[in-house]
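For reference, the structure is listed below as structure tokens.
Each chain gets a letter, A, B and so on, in the order the sequences are listed, and its residues count up from 1.
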Amino acid sequence: MDISHLLDDLNEVQREAVAAAPGNMLIIAGAGSGKTRVLTRRIAYLIETGQASPLSVLAVTFTNKAAHEMRGRIEKLISAPTRGMWVSTFHSLAHRLLRTHWREAGLPQGFQILDSQDQYRTVRNVLKAMDLDETRWPPRQVQWFINSKKDEGHRPKHLDGSSDAYQERMIRIYQAYEEACQRGGLVDFAELLLRAYELWLGNEQLLAHYQHRFHHILVDEFQDTNAVQYAWLRLLSTSDNTMFVVGDDDQSIYGWRGARIENIQRFTSDYSSCKTLRLEQNYRSTGTILTAANTLIANNDGRLGKNLWTSGEEGEPVLAYNAFNDLDEARYIVEECRRWQDKGCRRQDIALLYRSNAQSRVLEEALIAERIPYRVYGGLRFFERAEVKNAMAYLRLMINRDDDASFERVVNLPTRGIGARSLLLVRDCASENNLSLWAAAHKLIDNKILKARAANAIMTFFTLVDSLADAAMSLELHEQVEHVLAQAALMDHYRREKSEKAQMRVENLEELVTAARQFNVAALEYDDDMDPLSAFLAHAALEAGEGQADEWEDCVQLMTLHSAKGLEFPVVFMCGLEEGLFPHQLSIDEPGRLEEERRLCYVGMTRAMRQLYMTSAESRRLHGNETYNQRSRFIDEIPEDLVNEVRMTRQVKQTAYASDLIPAFDSDHVIGGLKLGQRVMHNSFGEGIVLNYEGQGSHARVQVNFDQLGSKWLVLAYANLQSL
DNA sequence: GCATGCAGCACTGCA
DNA sequence: TGCTGCATGC
């Protein structure tokens, strides 16, 4: 078999990795160093040289995007069909195992996945049932506690709360939450992984089967594995099979999700025969961008050490723009987008990256105003929209009547006369008798505890769900969805609603039918006989609906820095580089978390191929109120000679904030010799920047954001400001 | 039981 | 800013 096409265009280290003799390997792969290429070529090499059959390959990644891309690339490389080869994310892998071995895993056959929204609601219900005050036991905190324990592999029974009353109570809540999930046949994201691990741990035969099957285990983004994932991989690997793991400690950005960067170091000691290779040649970015990123990341301690280099051109300096507010920042960015576009750059080659989703709005508004098409990744995704989740709740109940999360969602939607009082009875009955809500409601009706009216209403609901499930037998997937929308009167419900969003909701429901029609069970790689509806529900929970509509239209790309990982763009704007926003306020005081922010910055910078922009704003409207922040330390950590400060070229023409406070002004307008955005000096407050003004003559006041003291309004006549 | 309006609150990132 | 819970009136 000719394998030259797999090796010819690789550099020396890449080739060494791809064609290495069997054995455990750790590849430290810098950003843009051809990591995915090495991984896919390695798989193709193993198969084409006859060392592996597709059946014996297990390749794991973290995101669906990466998994799809990997499979696609492998398919192009090899002649054999890739069927039977497992290429997927940790979560869908775990899900698949649990589906196949639901009995051994102690789950009902129709178990459903809880996304974090569902999990939050479930936690709240548990707190309610335990009669705990939400202000003392914030559901978010409880949720975080549960997830972090699961990520560590701890069940309530493993935890000791005897020394700490708070801890003790948290453990009891965790316990109660687990019982609620078990009752409802519900599995959250962390549970998928933990259960899959326990499934193998407690089942030698089963484990042996998979150990025997997967001779070649390949892991992407290894730095993002958490304790359970690592333990799971450890279980699977024996002396007979080999691990090929690829990672970059500098790109570990999921510590908050339990990822353990030290798993990389551990790997080399746990697998003593392991060979380590470093991919340091970068094929993506200009020399300037790489040096800037390298210098930045050098501020972190305890790195494995790595220096990216390129044989390509030096390129342009990083452009830094310090806007005087977020609107000005957005205006600058959009203007630059326009310039690139005019120069012939495709819109999809431009990415606007930000730390948190809330930042997208101002950018979107500016793009809309300039009529530049854009696409936002992440944020509220398709399958997370309320109306879509409601429809999905009916579908889930059809498969699993005990799904309490779904029951709560739609038992009275559209309203059918089941009010808070009746539901309270149902919930009480459920927790007293350890029943699901569905079963508890049945019991209440059988025992004639509910009033006739409420009982009838609930009966209507029962009949509806049962008949939907019956009808589903003979319908195609998308017809099932249509049937639900019609029979449960969801479509009518939203058609009647007269809010502005109603139209949108109706369209989303129509889109859901389309999504069901296009959904291809084969795409999920389930070779067992999972029914299409179950597969669709799992797909919705695990894939939240990225890649809906418009994917191919030429659009400017907007996304968080986290979701940009693994992607590359010729032109990248990193927005909102301000202390408190990036690095985020919640991470600033802890060295470990600050370093993770810095790695996130590193990830962002290394997305850029040709031109990198880093923008910031003196003031910003966030969550409804104005904040004033210093420019991010990350910009200062880049060598000055690699950065070009863009000076403000023009003032904003108008502002969209409270227009009653801020009069419109034109660019030539000068107040008392000062302009907006101008730096000034005050005798006692020090230096600052003019943000705003109001009034005229002797009443004129200016708002100045002082570097040390923050923002103040000053009467111009007394302030004695010196312009700088 | 249900629709509506308002006050209070929270809010990083993701499968 | 946007969601949630609660009070209100029907």
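Residues A:A231 and A:Y197 share a closest heavy-atom pair of CB-CE1, 3.5 Å.
Contacts of A:I418 with the nucleic acid, taken as non-hydrogen atoms under 4.0 Å apart, involve only primed sugar atoms and P, OP1 or OP2. Nucleic acid contact for A:N412: sugar-phosphate only, since backbone atoms but no base atoms lie under 4.0 Å from a heavy atom of the residue.
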remark   = Reading nucleotides 9-15 of chain B from 5' to 3' and marking B where a protein heavy atom lies under 4.0 Å of the base, S where only the sugar-phosphate is that close, and - otherwise, the string is --BBBBB
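B:dG13 is unpaired under the Watson-Crick or G-U wobble criterion, no partner having all donor-acceptor distances under 3.5 Å. For B:dT4, the paired nucleotide is C:dA7, the pair qualifying as Watson-Crick or G-U wobble because both relevant distances are below 3.5 Å.
Using cut-offs of 30° and 60° for the angle between ring planes, the A:F536 and A:H539 rings count as parallel. Using bins of under 30°, 30° to 60° and over 60° for the plane-to-plane angle, the ring pair A:W200/A:W232 lands in the parallel bin. Note: A:Y166 and A:W137 have parallel aromatic rings, judged against thresholds of 30 and 60 degrees for the angle between ring planes.
The 12-atom threshold is not exceeded at NZ of A:K451, counting heavy atoms of other residues, nucleotides or ligands nearer than 6.0 Å.
Nucleotides of DNA chain C lying under 4.0 Å from heavy atoms of chain A occupy a range whose first and last members, 5' to 3', are C:dT1 to C:dG5.
Here the side chain of A:E597 pairs a donor or acceptor atom with the backbone of A:H584 at under 3.5 angstrom.
Within the 4.5 Å cutoff, side-chain heavy atoms of A:E191 are placed close to those of A:K150.
If you check the side chains of A:S616 and A:E578, you find no donor sitting under 3.5 Å from an acceptor.
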